[in-house]
Number of protein chains: 2
Amino acid sequence: MAMDRDQVLRAAAALLSRKSTATMDEVARAAGIGRATLHRHFAGRDALVRALEDLGIREFEQALDRARLGEDTAVQALRRLVAESEANAQLLAFLVTENQLFEGDQVNEGWARLDARVSALFRRGQAEGDIRIDLSPAWLTEALYGLIGTCAWAVMDGRVAAKDFHHMITELLLGGAQRKR
Amino acid sequence: MAMDRDQVLRAAAALLSRKSTATMDEVARAAGIGRATLHRHFAGRDALVRALEDLGIREFEQALDRARLGEDTAVQALRRLVAESEANAQLLAFLVTENQLFEGDQVNEGWARLDARVSALFRRGQAEGDIRIDLSPAWLTEALYGLIGTCAWAVMDGRVAAKDFHHMITELLLGGAQRKR
DNA sequence: TTAAAATGAGACATCGACGTCTCATTTGGT
DNA sequence: ACCAAATGAGACGTCGATGTCTCATTTTAA
């Protein structure tokens with residue numbers, strides 16, 4: 001069973017986001033390929049994780065592009081961003097929890113670039129009066145990542161329906177759980 | 001340097017929540033004890049993780065007790081819960097991300113009990129008209145865990161001030177990021 | 001002070017995952 | 001139909017983490 005390199009990476013992300021200590025053999029079986037083939041694609045475990053980082057950063061950056069964060073209100077742009085992120089939620093969930101490993105890498109630069117764009121969105125929303133100013137852009141950025149990852153896990157575990165992904169995240173993040181009356 | 005068993009566990013949680021693949025030797029050094037002593041406390045790595053699970057469930061259960069979830073409004077009770085959880089946020093962050101491993105264990109029962117209490121809180125809030133009904137209690141429960149873990153990481157990384165822990169979580173979870181006008 | 005218990009440092013064997021390799025088989029292009 | 005490339009399965013050797021052990025030293029209690 002032949003699989004595209006990206007398909008392998010997505011399968012790896014889905015597995016590793018749940019079990020970060022999964023064996024290379026488990027990753028290979030999860031991707032439906034042999035361990036030898038996995039090693040032909042990625043020199044080793046480090047290379048696999050690095051590839052996941054690269055893919056995640058690339059995909060999320062494209063999601064940021066597609067969401068056109070500069071247009072409309074920040075709130076509307078944020079809704080678009082969540083929608084665009086849904087396809088790569090598992091990948092994001094893995095990277096968010098695995099960020100721990102980064103130490104002086106260039107990968108950090110990639111994340112710093114993404115963080116800057118997302119927090120700029122929140123800052124714009126604050127400047128335009130649409131976003132609360134008592135919640136720092138840095139925290140809102142982290143919370144967005146966290147909620148996307150949490151929701152991806154909840155969907156994987158069947159605690160949240162996949163079709164509710166966008167609504168659960170955006171409504172909680174933007175509107176909060178408290179009912180207004 | 002002698003350390004209490006609980007102190008060792010907390011040090012282990014702080015390290016493992018950031019680097020889940022940390023060596024037993026690293027855990028020992030992080031706790032300020034020798035590797036042999038660590039093995040005297042916990043038969044092995046599995047036993048250590050199991051002990052962390054037990055401690056986390058016990059601590060969080062006590063936090064639920066102290067928060068008196070049945071009193072006042074659900075919103076006020078939730079604020080108390082976040083305040084009571086702050087001391088064990090790192091431990092919670094570790095367990096939330098490591099939950100992946102659970103498979104037919106009895107540990108699941110402990111979490112199921114906690115989940116039931118927390119989601120019951122949200123359900124009460126919905127019944128009393130204080131919590132939105134379009135966000136499921138299961139999702140709100142997961143989101144609470146996720147935000148606590150995310151904020152714990154953000155504090156560890158210095159992206160959020162420790163003193164803002166309670167405010168950032170409760171305000172975002174309850175009120176949302178969008179400014180009302 | 002003295003004896004018992006606990007600790008830290010290190011040596012040691014074991015075990016599992018990793019990475020490389022080979023070879024038969026399958027796939028895909030011509 | 002044919003050939004080249006890719007794949008899967010498995011067999012190795014290597015390496016690092018683990019868990020056990022010993023022993024000198026420190027801590028604790030009597």
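Order of the sequence lines fixes the chain letters, A, B, ..., with proteins taken first and strands second; residue numbering starts at 1 for each chain.
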Asker: Determine, for nucleotides 14-25 of chain C in 5'-to-3' order, which nucleotides have protein heavy atoms under 4.0 Å from the base (write B), from only the sugar-phosphate (write S), or from neither (write -).
Answerer: ---SBBBBB---

Asker: Name all pairs fulfilling the salt bridge (Lys or Arg N to Asp or Glu O under 4.0 Å) condition that reach into residues 166-178 of chain A, sequence neighbours left out, sorted by first residue then second.
Answerer: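 Qualifying pairs: R79(A)-E171(A), E171(A)-R132(B).
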
Asker: Which whole-number value in Å describes the distance from I33(B) CD1 to dT27(D) C1'?
Answerer: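 Roughly 15 Å, once rounded to whole Å.
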
Asker: I'd like to know if E86(B) and K163(B) make a salt bridge, using a cut-off of under 4.0 Å between side-chain N and carboxylate O.
Answerer: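 Looking at K163(B) together with E86(B), the answer is no, because their closest N to O distance does not fall below 4.0 Å.
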
Asker: Considering only heavy atoms from C-beta outward, does the side chain of V160(A) approach that of M168(A) to under 4.5 Å?
Answerer: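 Yes. Closest side-chain heavy atoms under 4.5 Å.
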
Asker: Quick one: list whatever passes side chain to side chain contact (heavy atoms under 4.5 Å, CB included) with R117(A), sequence neighbours left out.
Answerer: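 Partners of R117(A) under the side chain to side chain contact (heavy atoms under 4.5 Å, CB included) test: E61(A), L64(A), D65(A).
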
Asker: Under the criterion ring-ring contact (aromatic ring centres under 6.0 Å, His included), I'd like the reasoning laid out for W153(B) against Y145(A): C-alpha separation, chi angles, the key distance, then a yes or no.
Answerer: CA-CA 12 Å; W153(B) 284 340; Y145(A) 297 157; over 10 Å; no

Asker: So, are D157(A) and R18(A) salt-bridged, with charged N and O less than 4.0 Å apart?
Answerer: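 No, D157(A) and R18(A) are not salt-bridged.
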
Asker: For S119(B), give me all partners under side-chain hydrogen bond (donor to acceptor under 3.5 Å, both in side chains), at least two apart in sequence or on another chain.
Answerer: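 Scan of S119(B) (side-chain hydrogen bond (donor to acceptor under 3.5 Å, both in side chains), adjacent residues dropped) gives R123(B).
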
Asker: Starting at CZ of F42(B) and ending at P of dG19(D), how long is that distance when rounded to a whole Å?
Answerer: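 These atoms are roughly 13 Å apart.
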
Asker: Rounding to an integer number of Å, can you tell me how far R29(A) CZ sits from dG10(D) C1'?
Answerer: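 One finds 11 Å between C1' of dG10(D) and CZ of R29(A), rounded.
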
Asker: Take the protein atom CG of L38(B) and the nucleotide atom P of dA17(D), then report the distance between them rounded to whole Å.
Answerer: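 Going from CG in L38(B) over to P in dA17(D) covers 15 Å.
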
Asker: Tell me the bend of the helix from dT1(C)-dA30(D) to dT30(C)-dA1(D) as the angle between end helix axes, each from five pairs, rounded to the nearest 10 degrees.
Answerer: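 The helix from dT1(C)-dA30(D) to dT30(C)-dA1(D) shows an end-to-end axis angle of 50°.
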
Asker: Rounded to the nearest Å, what distance is computed from the CG atom of residue D4(A) to the P atom of nucleotide dT7(D)?
Answerer: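 Value for this atom pair: 11 Å.
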
Asker: With sequence neighbours left out, write down each residue that passes side-chain hydrogen bond (donor to acceptor under 3.5 Å, both in side chains) with R68(A), or none if nothing qualifies.
Answerer: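 In terms of side-chain hydrogen bond (donor to acceptor under 3.5 Å, both in side chains), with neighbours along the sequence ignored, R68(A) is linked to E71(A).
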
